[in-house]
Amino acid sequence: MKKRMLITVMVILLICSAVLTLFSCDDGIKEPDDDIVVTRPTPNEYDLEGYTIKFAVCEGNNEESLVGRSICPDENSGDSVDKAIIMRNKSIENRYNCNIEMSYYIANKNISLTPKILSGSGDYDVLVGRQCDDISLCLNGALVDVVHHEDAAPYIDLEVDYPLVPDYWGYNYTYNISSNGNVYWLVGDISMNFTGGLYCTFVNLAIYDDEFKKTEGSIYDLVRNREWTVDKVKMLADAATTKKNITFDELIVSEEYIGIAMPVNETMDALAIAAGAKFCEIDQSGKAVCTANQNNAALRGFFDKYYEILGSGSAINTGSDYKSAFAALARDNALMTFGYLHQANTYLQNMTTPFYVLPMPMLNENQANYYTPVVKDIALVGISSSSKNIKASAIVLDAMCKESYRSVRPYYYEKRLNFKYTTDLDFAEMMDLLVNTAYTDPVYAWSNTEYFDGVGEMIKNAFSSCSDAESAIKTFPVSEKIWNDNLQTIMEKLSGKNN
């Protein structure tokens with residue numbers, strides 16, 4: 001374990017050193033230089049002979065997440081991240097002698113990419129949609145299985161050997177929306193929307209360091225030592241709270257502290273996933289079985305612990321209101337809150353106190369891993385089965401993803417979110433941990449489809465309508481048979497040969 005940690009630190013040092021060399025200046029990274037196009041010719045480079053890879057990119061109606069813009073930049077925005085994406089594309093065009101052409105569509109409310117693609121999929125090589133609307137495209141033959149298709153598999157590199165080989169493609173997440181090793185949709189560093197959609201814990205640095213650092217030590221070490229659990233969060237919240245059961249209106253005009261400001265309606269699903277409360281299990285043969293029932297120890301434990309936290313008087317429930325929860329953190333009234341990584345740009349830009357960004361807490365120290373939930377409104381990227389050059393599409397997608405890790409991600413963290421990714425090794429380690437543990441439950445991933453419509457509301461509804469874990473968990477087996485049947489239908493279709 002110590003040897004692996006040493007390797008991890010050494011690799012992070014090397015990565016940060018390389019980034020600092022590339023972007024060196026006193027205050028972090030510079031603005032992207034429009035005159036510089038990075039090229040790295042090697043003996044194994046591919047000449048794509050001027051082929052144009054055509055992208056169909058669909059934007060949803062959620063302006064905050066900007067799914068499409070995370071792949072197709074706004075060339076007139078002047079934004080550093082958009083510039084970095086533009087330079088990434090130019091670099092790849094020069095490197096492989098190809099063209100990248102993106103068609104950007106803005107969907108009306110509840111209108112997705114799917115009907116547009118089905119009516120004209122032959123016009124595009126790469127399809128970019130929204131998970132919550134377009135995930136079902138992979139069931140009808142519209143996409144290539146990039147692991148098994150002979151023109152894609154050699155060029156899409158999904159393997160991870162962290163820290164030596166970073167997780168460019170969101171390995172865990174990608175395989176959890178797949179079946180039996182058949183991969184149609186890709187996520188990962190190719191889209192900063194994936195990174196920004198990571199669910200995490202925001203902790204007020206001043207409150208933690210003043211109140212707990214002497215007794216608990218470095219908060220980063222709590223994470224490294226697998227002590228960042230729901231029980232630890234509750235203990236810190238209880239100890240930090242100066243006035244229990246205070247209302248939000250009272251808190252925000254006072255000098256009091258509350259342990260946790262929680263937008264409960266929006267965070268319950270993420271907290272459940274982080275606690276390992278899986279809706280289903282899938283074995284190596286692709287057989288899927290519903291596990292959201294009274295025998296699910298993690299689900300029961302999740303309900304038990306969060307009823308206890310919210311009943312302790314050390315947490316404020318802001319309902320569906322992220323803004324208020326983050327306001328309590330920013331005003332130094334709350335020790336912590338939970339939310340999406342990209343919300344730091346929306347709600348914490350003017351926060352004067354530094355803050356920590358950590359993974360969501362594990363249920364307990366026996367949990368196998370940290371699980372970092374990802375927002376459902378993320379960009380999914382797939383190669384159209386009617387592409388005229390699947391090989392070229394695969395080569396370019398893999399290059400875009402890896403180049404994004406190197407040259408776009410630092411801008412996203414530092415310029416968009418104001419994080420010190422290139423100069424704070426602890427922070428860089430936490431960010432890599434979030435990406436490497438990105439996770440979704442297969443049932444939850446399909447919760448906006450006909451197969452599991454409404455599943456995304458079940459945790460929230462059970463929590464709000466019941467008063468204890470025993471009552472809450474009894475609301476789940478009602479749908480178990482239907483879930484098992486629908487799961488099997490999806491897995492069978494995913495395991496079929498669509499190419």
Side-chain angles (χ1 to χ4, degrees), residues 58 110-119 121 127 129-149 152 158 170-187 269 272-273 277-296 299 373-386 439-459 461-462 475-499:
C58 185
N110 298 324
I111 302 298
S112 69
L113 176 69
T114 300
K116 180 175 287 295
I117 293 308
L118 292 181
S119 65
S121 59
L127 313 179
R130 303 162 69 221
Q131 178 186 305
C132 56
D133 291 327
D134 301 307
I135 192 171
S136 295
L137 265 176
C138 63
L139 301 180
N140 57 27
L143 301 175
V144 165
D145 173 5
V146 299
V147 170
H148 295 105
H149 195 289
L158 297 178
Y171 182 91
N172 290 328
Y173 197 94
T174 294
Y175 276 95
N176 277 347
I177 56 174
S178 308
S179 174
N180 203 27
N182 295 359
V183 176
Y184 300 97
W185 283 122
L186 296 164
V187 298
D269 290 338
I273 290 172
K278 299 177 181 179
F279 288 142
C280 75
E281 295 281 359
I282 301 174
D283 63 24
Q284 292 183 344
S285 70
K287 175 72 173 177
V289 179
C290 169
T291 56
N293 54 45
Q294 296 181 56
N295 298 319
N296 189 321
L299 186 60
V374 185
V375 59
K376 291 184 294 182
D377 199 22
I378 66 168
L380 297 178
V381 181
I383 298 176
S384 171
S385 56
S386 58
Y439 181 86
T440 190
D441 184 281
V443 168
Y444 189 69
W446 291 81
S447 62
N448 275 46
T449 69
E450 61 185 284
Y451 299 100
F452 294 106
D453 187 29
V455 167
E457 306 293 316
M458 289 191 72
I459 293 279
N461 290 344
T475 65
F476 284 85
V478 173
S479 304
E480 189 171 0
K481 184 181 185 306
I482 297 173
W483 281 20
N484 278 329
D485 291 343
N486 288 345
L487 268 172
Q488 221 35 55
T489 297
I490 291 173
M491 294 303 132
E492 288 171 2
K493 288 186 176 183
L494 289 173
S495 297
K497 299 300 181 182
N498 284 359
N499 306 304

Just to verify, what does [X] make a side-chain contact (heavy atoms from CB on, under 4.5 Å) with, not counting sequence neighbours?
| X | result |
| --- | --- |
| T440 | Y173, N176, I177, Y444, A445 |
| T291 | K278, E281, N296 |
| N172 | none |

Discussion item. Would L137 and Y184 count as a side chain to side chain contact (heavy atoms under 4.5 Å, CB included) here? Give the steps.
Written reply: CA-CA 9 Å; L137 265 176; Y184 300 97; over 6 Å; no

How about [X] and [Y]: do any of their side-chain heavy atoms sit closer than 4.5 Å?
| X | Y | value |
| --- | --- | --- |
| L487 | V443 | yes |
| D134 | L380 | no |
| V147 | N182 | no |
| L494 | S178 | no |
| F476 | I459 | yes |
| Y451 | I135 | no |

Item to complete: Could you list the residues that satisfy ring pair (Phe, Tyr, Trp, His ring centres under 6.0 Å) with Y439, not counting sequence neighbours?
Response: Y371

Discussion item. My understanding is that only residues two or more places apart in sequence, or in another chain, count here; which of them pass ring pair (Phe, Tyr, Trp, His ring centres under 6.0 Å) with Y171?
Written reply: Y175

Worksheet entry | D485: side-chain hydrogen bond (donor to acceptor under 3.5 Å, both in side chains) partners, not counting sequence neighbours | K481

Worksheet item: Listed by chain and number, what are the side-chain hydrogen bond (donor to acceptor under 3.5 Å, both in side chains) partners of N293, not counting sequence neighbours?
Response: E480

Worksheet item: Ignoring hydrogens and geometry, is there a side-chain-to-backbone donor-acceptor pair from S385 to A142 under 3.5 Å?
Response: yes

Response to the item:
Between V144 and A152 the two heavy atoms that sit nearest each other are CG1-CB, 4.2 Å

Worksheet item: If you take all heavy atoms of D441 and C280, which pair is closest and at what distance?
Response: OD2-N, 3.4 Å

Practice prompt. Would you give the length of the straight line joining atom OG of S136 to atom CD of E450, rounded to the nearest 0.5 angstrom?
Written response: 6.5 Å

Practice prompt. To the nearest 0.5 angstrom, please state how far the CD1 atom of I490 sits from the OG1 atom of T449.
Written response: 5.0 Å

